[in-house]
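Counting starts at 1 for both ligands and their atoms, in listed order.
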Amino acid sequence: MHTLFASDYRVTDEQVAFFQANGYVSFNGVLSVEELDIVRRGMDTALTERKGLVRDLAGKQDDDERHDRVLQMLNLWESYPEIRAYVFGGRITRMVQRLTGSTTLHLYHDQALVKELGPSAPSPWHQDQPYWPSQEPGMISCWMALDDVTVERGCMQFIAGSHTWGEFEPISFGSEGPALFDLLTDEQKARWNPVAVALKAGSCTFHHGLTFHYTNANTTRQNRRALVTIYIPEEVTYAAEEKMDNPFSDTITSQKGEPLRGTRFPRLA
Ligand SMILES: O=C(O)CCC(=O)C(=O)O
């Protein structure tokens with residue numbers, strides 16, 4: 001499996017410039033059919049094995065009859081060789097190096113985000129950085145589609161340029177938080193034009209930690225499986241107690257202001 005996930009995917013200067021200007025960018029055909037099958041196998045095994053242990057970002061209880069859920073499984077790389085091969089293969093890491101300009105990269109975590117067929121929930125508009133223990137912006141996510149995604153199946157939607165708007169309060173996934181629109185300036189409201197990025201399976205988007213993004217509920221007859229990997233560039237430091245608790249708080253080894261490092265944040269480059 002070691003030769004898979006390793007070959008280069010060319011990221012052009014125009015794509016780097018697009019990412020820097022807009023806070024997101026998309027790439028087609030990043031995984032081969034064989035690689036896609038491997039990643040799907042890892043995720044499907046995890047979905048079966050972790051049944052009952054899967055967190056629902058939409059906040060429903062296990063015994064809840066409703067199924068409007070967003071299933072989240074963290075750090076599949078630690079348990080599933082298929083996902084480890086993907087994460088450590090090198091291709092996506094080098095794409096992140098191009099987009100961030102950072103030679104050193106650590107993984108923050110991976111996460112499977114699954115919207116099953118039938119009524120799932122939307123993922124509300126939010127930025128990621130308020131949930132992360134980082135002081136500065138710069139962390140970046142790769143959102144890999146394992147199924148073909150359209151707006152109706154929950155493809156990513158972005159607000160271009162919103163990564164320049166600074167860090168907002170975290171948005172609650174499960175319940176109504178403060179209305180986001182009340183927090184935006186008139187200029188930001190005028191620039192609020194969501195861009196939906198439909199993708200074929202094996203294609204991906206990258207987004208900056210401050211870029212506002214959203215996905216619809218999956219209203220189609222097929223599951224929507226996405227594998228997200230989150231990267232820490234070298235200049236990003238630990239924000240310590242200033243940020244909300246996160247699932248990895250206990251494993252962080254840095255002091256406030258030092259580069260963000262932890263026992264579960266493996267070095268990728
Ligand atoms: O896949 C989704 O529904 C949301 C994805 C997301 O919020 C993220 O990758 O940061």
Side-chain angles (χ1 to χ4, degrees), residues 19 22-27 30 39-40 43 47 54-60 67-77 83 86-87 92 95-96 99 107-134 137-159 162-163 167-174 177 180 194-199 201 203-220 222-232 244 246-248:
F19 173 74
N22 294 288
Y24 75 93
V25 65
S26 63
F27 296 96
V30 174
V39 179
R40 282 175 171 161
M43 185 181 292
L47 271 171
V54 178
R55 179 168 169 224
D56 172 18
L57 288 179
K60 303 294 176 316
H67 293 288
D68 42 350
R69 305 186 300 170
V70 184
L71 304 181
Q72 182 198 43
M73 297 184 290
L74 288 180
N75 267 17
L76 300 187
W77 72 268
I83 307 297
Y86 169 77
V87 169
I92 308 290
M95 294 172 83
V96 175
L99 294 175
L107 181 72
Y108 177 45
H109 64 78
D110 69 38
Q111 58 179 339
L113 291 176
V114 179
K115 297 198 179 196
E116 292 177 313
L117 62 156
S120 61
S123 306
W125 284 106
H126 67 282
Q127 300 173 307
D128 292 332
Q129 186 167 315
Y131 306 98
W132 291 339
S134 54
M139 288 171 62
I140 175 176
S141 298
C142 174
W143 192 98
M144 180 62 70
L146 303 191
D147 296 292
D148 293 354
V149 285
T150 55
V151 170
E152 297 73 27
R153 193 170 290 145
C155 71
M156 288 287 270
Q157 302 190 35
F158 301 102
I159 304 298
S162 55
H163 64 308
E167 187 171 337
F168 287 62
E169 288 299 307
I171 306 291
S172 166
F173 267 60
L180 172 60
V195 184
V197 185
L199 294 173
S203 301
C204 68
T205 54
F206 289 83
H207 63 276
H208 184 280
L210 290 175
T211 304
F212 275 102
H213 54 285
Y214 171 92
T215 68
N216 263 2
N218 177 8
T219 56
T220 70
Q222 191 190 315
N223 285 351
R224 190 223 69 175
R225 293 165 296 180
L227 181 61
V228 180
T229 39
I230 304 168
Y231 301 84
I232 311 171
M244 65 198 298
N246 68 79
F248 302 99

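- Where the criterion is an N or O separation shorter than 3.5 Å, residue side chain and backbone included, Ser141 fails it with respect to ligand 1.
- In this structure, the side-chain hydrogen bond (donor to acceptor under 3.5 Å, both in side chains) partners of Thr150, at least two apart in sequence or on a different chain, are Glu152.
- Of all the heavy atoms of Gln127, none lies under 4.0 Å from any atom of ligand 1, so neither backbone nor side chain is involved.
- Close contacts between ligand 1 and Ser123 involve ligand atoms 2 (C), 3 (O), 4 (C) [criterion: under 4.0 Å to a heavy atom].
- Residues forming a side-chain hydrogen bond (donor to acceptor under 3.5 Å, both in side chains) with Arg153 (at least two apart in sequence, or on another chain): Thr220.
- Salt bridge annotation for Asp147-Arg224: absent, with no cationic side-chain nitrogen under 4.0 angstrom from a carboxylate oxygen.
- Less than 4.0 angstrom separates some heavy atom of Asp128 from each of these atoms of ligand 1: 10 (O).
- Under the 30°/60° scheme for interplanar angles, the aromatic rings of His207 and His213 are found to be tilted.
- Tyr231 and Thr229 form a side-chain donor-acceptor contact under 3.5 Å, judged by distance and modelled atom types alone.
- Shown are His208, Glu167, His163; of these, the side chain to side chain donor-acceptor pair (under 3.5 Å) with Gln129 is made only by Glu167.
- For His126, a nitrogen or oxygen atom sits less than 3.5 Å from a nitrogen or oxygen atom of ligand 1, counting backbone and side chain alike.
- At a 4.0 Å heavy-atom cut-off, ligand 1 does not touch Ala226 at all.
- Of all the atoms in ligand 1, the ones that sit under 4.0 Å from a non-hydrogen atom of Leu113 are 1 (O), 2 (C), 4 (C), 5 (C).
- Contact annotation: Val228 has at least one heavy atom less than 4.0 Å from an atom of ligand 1.
- Between Ser162 and Thr211, the side chains place no donor N or O within less than 3.5 Å of an acceptor N or O (distance only, hydrogens not considered).
- Shown in contact with His213 at under 4.0 Å from a heavy atom are these atoms of ligand 1, numbered in order with element: 6 (C), 7 (O), 8 (C), 10 (O).
- Atoms of ligand 1 lying under 4.0 Å from any heavy atom of Lys115, numbered from 1 in the order shown and given with element: 3 (O).
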